[in-house]
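Residue numbers begin at 1 in each chain, while the letters A, B, ... track the order of the sequences.
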Protein chains: 2
Amino acid sequence: MVKRTSFEGDGCPIARSLEVIGDWWSLIIIRDAMLGLRRFGEFQSKLGVAKNILSARLRSMVDHGILETAPASDGSAYQDYLLTPKGRGLFPILVALRQWSEEFDDAPEEIDTIMIDRAKGRPVKKLELHAEDGRLLSLADITLKPRPAPRRRSAG
Amino acid sequence: MVKRTSFEGDGCPIARSLEVIGDWWSLIIIRDAMLGLRRFGEFQSKLGVAKNILSARLRSMVDHGILETAPASDGSAYQDYLLTPKGRGLFPILVALRQWSEEFDDAPEEIDTIMIDRAKGRPVKKLELHAEDGRLLSLADITLKPRPAPRRRSAG
DNA sequence: CAACATAGTTTCATTATGCAACCACTGGAG
DNA sequence: CTCCAGTGGTTGCATAATGAAACTATGTTG
C-alpha cells in the first residue's frame, strides 16, 4: 500500500489524537464551531474550503463523535452541526495552539485577536500543567511510563 | 491555484500555528525529539517515515526555528536535530493532544503510556486555563476581541 | 409550479505522501 | 589511499488527499 501512513492502532495517545483531528481542516472547523458556527454554509463561506472537503470533514467528525447533527435552530429543514462534549474537549488543544503562536510567532503583529476572560475582559493566563500536589511542571519535569494494567473485576 | 490552502497571512493564531505544524508528521517528530531523539536515522527507524518526507519536515522545522542543527553529540561528523526554545514551547500542545485522547478515546485500553510527574512518579493533572485572577476558565468563559494596537515608542 | 438557496456529490486537475532506488559523504579496515 | 559498510540524504514514480467547478437533489419562497 502507498496510502498515507495511519497512526491507528498506535499506542501513543498523541498519535491517536492526530489520527482523528490531525488533518489540514478539522481543527479549523472546530475552532469556528466553538465560535458559534453550525451550518454547512456558514463554515463553507467563512472558511472558503471546498464543499467536498468540508463535507468529508464534517462526516468524519460526526463519525468520531466530535460533532453531532441536529435539526436546524432556525426552524428550517436543514441541519446544524453541533459540538459534542468530546468536541468541546478539544478546547485546550486550540488554546495551546493559539498561545504558541502568541508567544513564538515570527510576525505577531499579524495576529488579529486575543482571547479574553469574558467576566473581566482581561487576557487569560498561559495554560499550565500541574502535578497532583500542585507544582507547576514543564517538559523536563515529566516522563512516560507504561500504562498500568486496568483492574479486573472478575474473569479471574 | 489548486494547491493546498495556505493559512499564511491569516490573522488567527490557531491557523498560524497549524500552518507551521499542522501537517501529518511534524508533531510526531517533535514528540520524539522531546523524548530525546536527535539523529536523522533515529527518527527514521523509530517512526518508519519515508526519508524524503522526514528530510522535508526536518528542513521545514529548522527553517521555522523549531529545530536547530548541531554537531552530533557522539563526535561523528553528522548532525543532531535539537529542539529550540520555540520547539520546546510546543509542549503544551502535545500535552493537550495526549490528554484529549486519554479522556475521550474510543479505545483507551490501547493507550500504552501515561505521563507522570518525574519527581513523585504520579500522573499529572489536566491542563488548566486560568484568568488573571486565578479563576479556572472553560470554553464558555472566554471570548475573543480584536488585538489592541501596539504602543508606539516614537515615529510620531 | 417557477425561481432561487442550501447542502451536498461527482469529476477532474494538482499537490502531498509513500516507497524504492540511487547518490554523496563518513569512518574504519587494510 | 582504496575498499566497503553505514549514514543522510535526493530523485523518480505511484497513489492518496485536496481543490475548483460543475452537477444534483432537496428546501424555501412566492
Side-chain angles (χ1 to χ4, degrees), chain A residues 1-10 15 18-30 32-33 37-64 67-82, chain B residues 1-10 15 18-30 32-33 37-64 67-82:
Chain A
M1 282 202 300
V2 202
K3 62 186 296 189
R4 184 165 73 174
T5 303
S6 167
F7 303 136
E8 196 176 6
D10 192 315
L18 290 174
E19 173 72 19
V20 178
I21 48 93
D23 65 277
W24 199 244
W25 282 107
S26 289
L27 282 174
I28 295 289
I29 293 167
I30 294 298
D32 282 355
L37 302 204
R38 42 177 64 191
R39 285 285 283 270
F40 186 96
E42 287 181 311
F43 292 108
Q44 210 273 317
S45 60
K46 171 154 188 233
L47 298 177
V49 58
K51 295 202 291 183
N52 53 346
I53 305 295
L54 178 58
S55 177
R57 290 291 150 245
L58 289 173
R59 181 167 35 241
S60 167
M61 289 195 284
V62 169
D63 289 347
H64 280 103
L67 295 174
E68 61 186 353
T69 54
S73 56
D74 63 2
S76 76
Y78 300 119
Q79 52 183 359
D80 282 351
Y81 292 92
L82 302 178
Chain B
M1 282 202 300
V2 199
K3 63 184 298 189
R4 182 163 75 174
T5 303
S6 168
F7 303 136
E8 196 176 7
D10 191 316
L18 290 174
E19 172 72 18
V20 178
I21 47 94
D23 66 277
W24 199 243
W25 283 107
S26 290
L27 281 174
I28 295 289
I29 294 167
I30 294 298
D32 282 356
L37 302 203
R38 41 176 65 191
R39 286 285 283 271
F40 185 96
E42 288 181 309
F43 291 109
Q44 210 272 316
S45 60
K46 173 156 187 230
L47 298 178
V49 58
K51 294 201 291 184
N52 54 346
I53 306 294
L54 179 59
S55 177
R57 290 293 152 241
L58 290 173
R59 182 168 34 242
S60 167
M61 289 195 283
V62 168
D63 290 347
H64 281 102
L67 296 173
E68 61 186 351
T69 55
S73 56
D74 63 3
S76 75
Y78 300 119
Q79 51 183 1
D80 282 351
Y81 292 91
L82 302 177

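Summarising the geometry, the separation between CD1 on A/Ile28 and P on D/dG19 is reported as 12 Å, rounded to the nearest angstrom. When the P atom of D/dT7 is taken as reference, atom CD of B/Gln44 falls 11 Å away, rounded to whole Å. Atom P of nucleotide C/dG18 and atom CZ of A/Phe7 are separated by 8 Å, given to the nearest angstrom. Put simply, CZ on A/Arg4 is 22 Å from P on D/dA14, counting in whole angstrom units. Across the protein-nucleic acid pair, B/Phe43 atom CZ and D/dG9 atom P stand 12 Å apart, rounded to whole Å. The CG atom of B/Leu58 sits 7 Å away from the P atom of D/dG9 (whole-angstrom rounding). A/Ile53 places its CD1 atom 15 Å from the P atom of C/dT15, with the value rounded to the nearest Å. The distance between atom CG of A/Leu47 and atom P of C/dG8, rounded to the nearest whole Å, is 15 Å.
Listed nucleotides: C/dT9, D/dG19, D/dT18. Nearest to the side chain of B/Thr5: D/dG19. Of the candidates C/dA7, D/dT18, D/dG9, C/dA7 carries the atom nearest the A/Arg39 side chain, counting heavy atoms from C-beta on. Candidate nucleotides D/dT10, C/dT9, C/dT17 were compared by shortest atom distance to the side chain of B/Arg57, and C/dT17 ranks first.
For B/Ser55, no side-chain nitrogen or oxygen approaches OP1 or OP2 of D/dG9 to under 4.0 Å. In terms of phosphate contacts, A/Trp25 brings a side-chain nitrogen or oxygen within less than 4.0 Å of OP1 or OP2 of D/dG19.
With a 4.5 Å cut-off on side-chain heavy atoms, B/Leu47 and B/Ile29 count as touching. Using a 4.5 Å heavy-atom cutoff, the side chains of A/Arg57 and A/Asp23 are in contact. Using a 4.5 Å cut-off on side-chain heavy atoms (C-beta onward), B/Gln79 and B/Pro71 make no contact. Side-chain contact between B/Ile28 and A/Leu18 is present, with at least one heavy-atom pair separated by less than 4.5 Å. Side-chain contact between B/Leu82 and B/Arg38: present, with at least one pair of heavy atoms (C-beta onward) separated by less than 4.5 Å.
Using cut-offs of 30° and 60° on the angle between ring planes, the pair B/Trp24 and A/Phe7 is parallel.
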Side chain to side chain contact (heavy atoms under 4.5 Å, CB included) between A/Ile30 and A/Met61, worked out: CA-CA 9 Å; A/Ile30 294 298; A/Met61 289 195 284; 3.6 Å; yes
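Backbone-only engagement by A/Tyr81 is indicated by non-hydrogen atom pairs under 4.0 Å involving sugar-phosphate atoms exclusively.
When each of A/Ser6 and A/Phe40 is assigned the nucleotide of DNA chain C with its nearest heavy atom, A/Phe40 is the one assigned upstream, toward the 5' end. When the nearest nucleotides of DNA chain D are assigned to B/Gln79 and A/Lys51 by heavy-atom distance, the more 5′-ward of the two goes with B/Gln79.
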Polar atoms only, N or O, under 3.5 Å: list the protein pairs with nucleotides 25-30 of chain C and their distances.
| unit_1 | atom_1 | unit_2 | atom_2 | d |
| --- | --- | --- | --- | --- |
| C/dT26 | O4' | B/Tyr78 | OH | 3.3 |
| C/dG27 | OP1 | B/Ala77 | N | 2.5 |

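Remark: the B/Asn52 side chain and the D/dG12 base include a donor-acceptor N/O pair separated by less than 3.5 Å.
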